[in-house]
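Because the structure is predicted, anything quoted here is derived from the model rather than measured. Each ligand, and each atom within it, is numbered from 1 in the order the structure gives.
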Amino acid sequence: MIKYLLEDEWKVIEDRFHPQYQRSSESIFSIGNGRFGQRANFEETYSGDHLQGSYIAGVYYPDKTRVGWWKNGYPEYFAKVLNSINWIGIRVFVDEIELDLNTCEVLSFWRELDMKSGMLHRSFEVKLSNGKRIAVKASRFCSMSDDETAAISYRVTAKESAQLRVQSYLNGDVANEDTNWDERFWLDRGAQADTRLASVAVETKKTGFLVAASMITRFNGELPQDASSRGFFAEQTYSKHLEAGEELHVEKFVGIVNSLNYTETELLSASQTSAKRISEIGFESAREFHGQFWDKIWANGDIKIEGDIPAQQGIRFNIFHLNQTYTGEDARLNIGPKGFTGEKYGGSTYWDTEAYCLPFYLNTHPSDVGRQLLVYRYNQLGKAIENAEKLGFSGGAALYPMVTMNGEECHNEWEITFEEIHRNGAIAFGIYNYIRHTGDRKYMAEYGFDVMLGICRFWAQRVNWSAEKNAYVMLGVTGPNEYENNVNNNWYTNYLAKWCLTYGLKSIIFLKETYPQLYSEKTEKWSFNEAEETSKWAEIIESIYLPQVEGTNIRLQQDGYLDKDQLLVSDLKDSDRPINQKWSWDRILRSPYIKQADVLQGIYLFEHHFDLETIRDNFEFYEPRTVHESSLSPCVHVILAAKIGELDKAYELYLRTARLDLDDYNHEAYQGLHITAMAGTWMSVVEGFGGLRFRDGLIKLSPVLPKAWKAYSFRISFRERTLLVEVSQDETKVSLETGESLEIELNGQLIRL
Ligand code: BGC
């Protein structure tokens, strides 16, 4: 754990400069608006260690695959979200010495992320090498209410009289740190500048995405004195002599657009129009509109925890970042595991979206937001079929990629790309989850059925009959636990496959009965031989092998798991952890340690298939063997621990998931934040402590209160309604805030709201 940030209910604060954690802080204090995002890099030049990052949703580059040993079926490239035009830049020269926090004496420093209003603030005082002191107050935001715009207010106060020169700039000549071949990804498409407006346009190589940014800068309300442009670069400058105590206020208004939304001819003027729009509104009013947007998000999406500031700060931090990563406005966009906060995972879509993020968006936003996430996969079905064909499947079997931007697989480690096929199940479960939550059964008819068919066809071909076991088996897979590869009969994967086929059969009956015309159209479209194909599905459902420890309730991780030395996490020395940074891969593979919830992931998804004793036995078996080295792990364990009454354990794991990045448990916040796991944090409060479940169209709640909390409350969006759940030591109160009356089950009792 690394603790250097202050605890506060609504803010994240760094109260002095920690250059050694600058990369982590840049991730933690990131801001965004679903359309683009920006790490908390400094506006002024910083020559110390840092990662410059400004990312635009959906704009990526196919970085040619680099592997030691090529395996047939590997994708040609890994799509990467790109570090794009640096729009925050403001260089400051004091008597011609450049302000740079790496080279001057930092007398005071304060960085603050105000999550309530979506603002990043920073103030500091420094002494430059020429002995001159200045104080700076900077604030910025990426507007949520107008997602093509951003603004910066940057105030410089001279402590001694000095000549100030300020250069506000846009720079498209930027690179990613994470490149396979040290390539530059951008082509220069021209820059222009005058004192009113400056712009830079760039284009990605190969993918041909165009991005344009325009800026308007004001200096104490005045126009710049000079402007120039060259290549990727445009600047507006201003000089002024300041007496001691005098201030220069720089306001920078930016418009950023890209070719997902504009044609090439429209692009430049669209970015200029956006910059003008926000500059005409002005910093304070634009910030107010942005703040009102956040007010609405918090009004529905906040979780209040009383009596425990670290827990409160943790959950808000998670909710804040999720909302600024994905807004559900565009079905072409999705949620990268690091959102806009870093380069790791390439900004691509993983199974994380359906397994973790979907429940968060379903419960905290109108249903069309969650629907967009599903439509994204529907639109990529053709590519999922191609992907399966590349691996030797046929007849419309679909294997969704492990990692993708546009539907094509981008990942190239055989044990994950080819073997971590459980992702297909998460996508099917997402359809089920969405319909269960929203009641939108028509979705199945219009979109879901096609996806289900492709997925079921895949599972039907992926299993094989074992004469020895007298059962269908699934060989050579990797479960969610990536610390084991090429295993046979991973319980989670087999169980999920069985469930998918069962749900597939149900969706056929539903479609046939409810939308017969659509059913016959789809049967023809997909050359679906119902009798033949579904009889095989039924056989697999009947006799798929599900490993279990004999004489117990314990579902077995995979064939042969018990042959391993049955060591526990408590047998590990502190110096061994995290094992993925300390041990050889060979040692990890042979160890019994589980990276993340796997059997327990299955028990979480299908909890109602198991009795409490089975849930407890499996939790007690697997929790002591799980090292939680995936951010996606602790939240699932919280939910099950709360279910079986292990509240202290649930609370300990809650802090781990909620404060994973704030306290940097895994020493990796510098790479970016664990955005998708943040949705798991939300689940751990609402499903874990709140005990929220959806069964048979009914909301069920069975809240518990961790000892450290006085009370907590959250809201749920459910079928055009908003419910407020308030849990305190004395009582649980559920109120219907909007929408029609409904019946729910609270602690086993039916009540009408
Ligand atoms: C986890 C995967 C996850 C990926 C992206 C990995 O460390 O093991 O389950 O999909 O991170 O979050």
*Asks:* Under a 4.0 Å heavy-atom cut-off, which residues neighbour ligand 1?
*Replies:*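 For ligand 1, the residues that come within the 4.0 Å heavy-atom cutoff are P337, Y345, Y350, W351, D352, E482, K595, Q596, S630, L632.
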
*Asks:* Taking side-chain contact (heavy atoms from CB on, under 4.5 Å) as the definition, give me every residue that meets it alongside S633, ordered by chain and number, with sequence neighbours left out.
*Replies:*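 For S633, the residues satisfying side-chain contact (heavy atoms from CB on, under 4.5 Å) (neighbours in sequence not counted) are Q596, A597, T626, H628, H637.
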
*Asks:* Between F317 and F320, is the gap from one ring center to the other below 6.0 Å?
*Replies:*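 No.
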
*Asks:* With E413, which residues qualify under side-chain contact (heavy atoms from CB on, under 4.5 Å), at least two apart?
*Replies:*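 So E413 forms a side-chain contact (heavy atoms from CB on, under 4.5 Å) with H411, E415, I416.
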
*Asks:* Look at the rings of F429 and F606 and say which category their plane angle falls in: under 30° parallel, 30 to 60° tilted, over 60° perpendicular.
*Replies:*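 The rings of F429 and F606 stand perpendicular, inter-plane angle above 60°.
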
*Asks:* Going by the rule side-chain contact (heavy atoms from CB on, under 4.5 Å), which residues pair with W70 if we only count those two or more places apart in sequence or in a different chain?
*Replies:*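 With sequence neighbours excluded, W70 shows a side-chain contact (heavy atoms from CB on, under 4.5 Å) to T65, V67, N72, Y74, E76, given in chain and number order.
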
*Asks:* Would you please classify the geometry between the F360 ring and the W682 ring as parallel, tilted or perpendicular, with 30° and 60° separating the classes?
*Replies:*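 Perpendicular.
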
